[in-house]
> 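The structure is given below, and queries will be raised subsequently.
Numbers restart at 1 for each chain; the letters A, B, ... are given by sequence-line order, proteins then strands. In what follows, every heavy atom counts, from backbone to side chain, and hydrogens, waters and symmetry copies are set aside.
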Amino acid sequence: MTTTRPQSRLVDELQRRTLLHDLTEGAADHLAEAPRTVYIGFDPTAASLHLGSLLPVMGLLHAQRAGHTPIALVGGGTGLIGDPSGKTAERQLLSKEDVARNADGIRAQLEHFLDFGSVSNAARMRNNLDWLSGLPLVDFMRDTGKHFSVNQMLAKESVKRRVEGDEAGISFTEFSYALLQSYDFLELYRTEGCTVQMGGSDQWGNITAGIDLIRRVEGARAFGVVFPLITQSSGVKFGKSEAGAVWLDPEMTSPFRFYQYWINVEDADVVRYLRFFTLLEVDQIADLADKVESEPHARTAQRALADDVTRRLHGETGLASAKAATQALFGGDVAGLGADEISDVFADVPSSEVTRDALGGEGKSLIDLMTESGLASSKGDARRSIDGGGVYVNNVRVEDAARALTTEDTIDGRFLLIRKGKKQYHLVAIRG
RNA sequence: GGUGGGGUACCGAAGCGGUCAAACGGGGCAGACUGUAAAUCUGCUGGCAUAGCCUUCGGAGGUUCGAAUCCUCCCCCCACCA
């Protein structure tokens with residue numbers, strides 16, 4: 001890691017990148033004085049992190065680059081409870097097996113961003129199930145619960161909304177969440193010397209609760225740093241594509257779709273995202289911002305963003321395959337590609353199979369093919385899409401809704417490429 | 001427990017005996033324009049066959065030639081009162 005002016009970098013860097021929403025008193029000095037240990041919690045609600053967690057991950061990355069020791073805390077224990085923050089309804093509880101499996105998946109993904117290796121400030125991973133599951137209830141009530149005021153907890157926004165609002169109310173389980181997260185901070189303070197917790201701005205209440213607990217129990221100072229909430233200028237929730245949430249796991253969101261998500265970021269957001277999600281220097285980002293103005297059609301900023309983020313997560317290989325598919329789909333002429341190239345390029349694109357026999361004789365109707373492949377939700381839907389001029393076979397628009405496809409229509413007898421709209425591709429492989 | 005108001009398609013919200021597969025808005029999908037952007041405009045948005053049928057308006061019955069619309073019972077929400 002950088003050694004010249006190590007620690008003071010973190011807060012400055014976050015500020016330069018407009019990643020700093022708020023910090024507790026003294027946090028900046030504390031981080032500037034010496035290498036510290038900082039942590040962020042991740043909820044193992046799914047087997048993969050999604051884009052909503054990317055900002056905190058970048059936060060840990062910045063911390064590590066500034067010379068601090070990052071700890072990723074997987075909420076194996078708290079995941080069994082559910083954080084009421086930002087939720088309007090009671091959570092579905094996960095099984096212990098699910099949580100354990102999800103924690104493993106998350107660890108693997110974090111390794112793309114953080115150095116868990118031999119550096120002196122190597123990242124660490126902890127799972128709060130390790131200390132929460134064996135925690136004696138009575139001890140917890142005496143040593144931890146004693147320090148919490150129900151009056152204050154009720155005053156918290158996330159709780160208040162559930163208690164007073166028209167919504168679903170809140171169970172004791174979720175109400176207690178803040179205690180457990182505070183206890184995590186205390187535990188990491190004791191065992192890892194961790195003095196700083198970071199998180200999304202929605203975590204502010206939980207973080208300050210932990211700071212209070214450490215002060216009361218240990219008489220020590222701890223600090224908090226929170227990131228802004230990411231918004232999308234169109235108002236849509238960040239991290240959602242047409243196909244739903246964008247995941248970090250390549251099995252759940254292919255490198256191609258991941259790359260495409262970033263390429264499609266609108267102009268109004270792209271500069272901010274460059275600051276948030278890449279390590280490009282601020283002046284480089286300023287250059288890209290100029291390009292958004294001067295030559296918007298080139299999409300230079302979007303490309304830089306997509307390249308950088310995809311490379312970090314999926315490596316050069318993943319990036320290369322995503323770009324190859326992109327080039328073929330949006331740049332080149334798909335019909336001109338050979339079957340071998342197609343199977344390569346479209347490895348990432350949704351696909352299905354059909355037997356050669358089915359394409360014999362009269363062939364198979366495009367409508368059936370579309371419903372079977374999921375491009376259309378029903379035959380009527382498929383028919384309407386075709387009538388509306390939104391369906392293409394091998395990149396040629398289909399005019400006739402009754403169109404049947406035969407072996408004549410295949411590329412080298414091996415593939416059919418169906419496209420709906422501009423971006424939804426489906427590859428049909430011919431079997432037999 | 002009492003009184004009043006509600007439950008309509010993905011969401012919000014009209015409709016209150018036939019012209020209702022159900023207005024309108026949002027969302028979604030597609031087309032045009034572009035830059036794989038935004039904005040704008042246009043079309044589509046229950047299923048299957050194509051101007052015909054089937055399944056939908058909290059649930060179950062009933063009245064009627066005919067019900068989302070009327071009646072009965074039940075379930076669930078909300079407001080006020082106890």
> Look at Ser385(A) and rC29(B) and indicate whether a side-chain polar atom (N or O) is within less than 4.0 Å of OP1 or OP2.
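Checking Ser385(A) against rC29(B): no side-chain N or O falls below 4.0 Å of OP1 or OP2.
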> With C1' as the reference atom in both, quote the distance from rU50(B) to rG5(B) in angstrom, rounded to an integer.
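Looking at atom C1' only, rU50(B) and rG5(B) are 44 Å apart.
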> Distance between the C1' atoms of rA37(B) and rG26(B), in whole angstroms?
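Taking atom C1' in both rA37(B) and rG26(B), they lie 22 Å apart.
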> Can you tell which of rA38(B), rC48(B), rA30(B) lies closest to the side chain of Lys379(A)?
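For the Lys379(A) side chain, the nearest candidate turns out to be rC48(B).
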> Between Lys420(A) and rG31(B), does any side-chain N or O lie under 4.0 Å from OP1 or OP2?
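So the side chain of Lys420(A) is outside the cut-off, no N or O lying under 4.0 Å from OP1 or OP2 of rG31(B).
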> Given rU50(B), rU45(B), rU36(B), identify the nucleotide with an atom nearest to the side chain of Arg299(A).
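Out of rU50(B), rU45(B), rU36(B), the nucleotide with an atom closest to Arg299(A)'s side chain is rU36(B).
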> Regarding rG43(B), can its base be found pairing with the side chain of Asp387(A) as donor and acceptor, where the two atoms are less than 3.5 Å apart?
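No, the side chain and the base share no sub-3.5 Å donor-acceptor pair.
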> Starting the side chain at C-beta, find the nucleotide from rU36(B), rC29(B), rA38(B) nearest to Thr326(A).
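So the nucleotide nearest the side chain must be rU36(B).
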> Which whole number of Å gives the distance between the C1' atom of rG15(B) and that of rA21(B)?
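Taking atom C1' in both rG15(B) and rA21(B), they lie 14 Å apart.
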> Mind checking who rA23(B) pairs with, Watson-Crick or G-U wobble, both distances under 3.5 Å?
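Result: none.
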> Go through rC44(B), rC29(B), rA37(B) for me and flag the one nearest to the Gln424(A) side chain.
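The answer is rC29(B), which lies nearest to the side chain.
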> With Tyr273(A), which residues qualify under ring-ring contact (aromatic ring centres under 6.0 Å, His included), at least two apart?
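By the ring-ring contact (aromatic ring centres under 6.0 Å, His included) rule, Tyr273(A) matches Phe238(A), Phe277(A).
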> Quick one: classify the glycosidic conformation of rA14(B) as syn or anti, with syn meaning within 90° of 0.
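rA14(B): anti glycosidic orientation.
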> Determine the interatomic distance between P on rC24(B) and the same-named atom on rC33(B); round to the nearest Å.
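To the nearest whole Å, 27 Å.
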> On the side chain of Gln260(A), is there an atom forming a donor-acceptor pair with the base of rU36(B) - under 3.5 Å, no angle test?
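Check passes, donor-acceptor contact within cut-off.
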> Provide the distance between the two C1' atoms, one in rA32(B) and one in rU19(B), to the nearest whole Å.
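That atom pair is separated by 35 Å.
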> Give the nucleotide from the list rC29(B), rU36(B), rA37(B) with an atom nearest to the side chain of Asn264(A).
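Ranking rC29(B), rU36(B), rA37(B) by closest atom to the Asn264(A) side chain puts rU36(B) first.
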> Under the criterion side-chain hydrogen bond (donor to acceptor under 3.5 Å, both in side chains), I'd like the reasoning laid out for Ser365(A) against Asp368(A): C-alpha separation, chi angles, the key distance, then a yes or no.
CA-CA 5 Å; Ser365(A) 84; Asp368(A) 287 343; 3.2 Å; yes
> Could you tell me whether Arg107(A) sits above the aromatic face of Phe116(A), with NZ or CZ closer than 6.0 angstrom to the six-membered ring centre and within 45 degrees of the axis?
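Yes, Arg107(A) lies over the aromatic ring of Phe116(A).
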> Expressed as a whole number of Å, how far does the P atom of rA13(B) sit from that of rG66(B)?
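Comparing P positions in rA13(B) and rG66(B) gives a spacing of 33 Å.
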> Starting the side chain at C-beta, find the nucleotide from rG35(B), rU36(B), rG47(B) nearest to Ser378(A).
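Comparing rG35(B), rU36(B), rG47(B) against the side chain of Ser378(A), the answer is rG47(B).
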> Does a nitrogen or oxygen in the side chain of Arg397(A) sit under 4.0 Å from OP1 or OP2 of rA30(B)?
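Answer is no, no contact under 4.0 Å.
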> According to a strict under-4.0 Å criterion, is Tyr392(A) in side-chain N/O contact with OP1 or OP2 of rG31(B)?
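Checking rG31(B) against Tyr392(A), a side-chain N or O does come within under 4.0 Å of OP1 or OP2.
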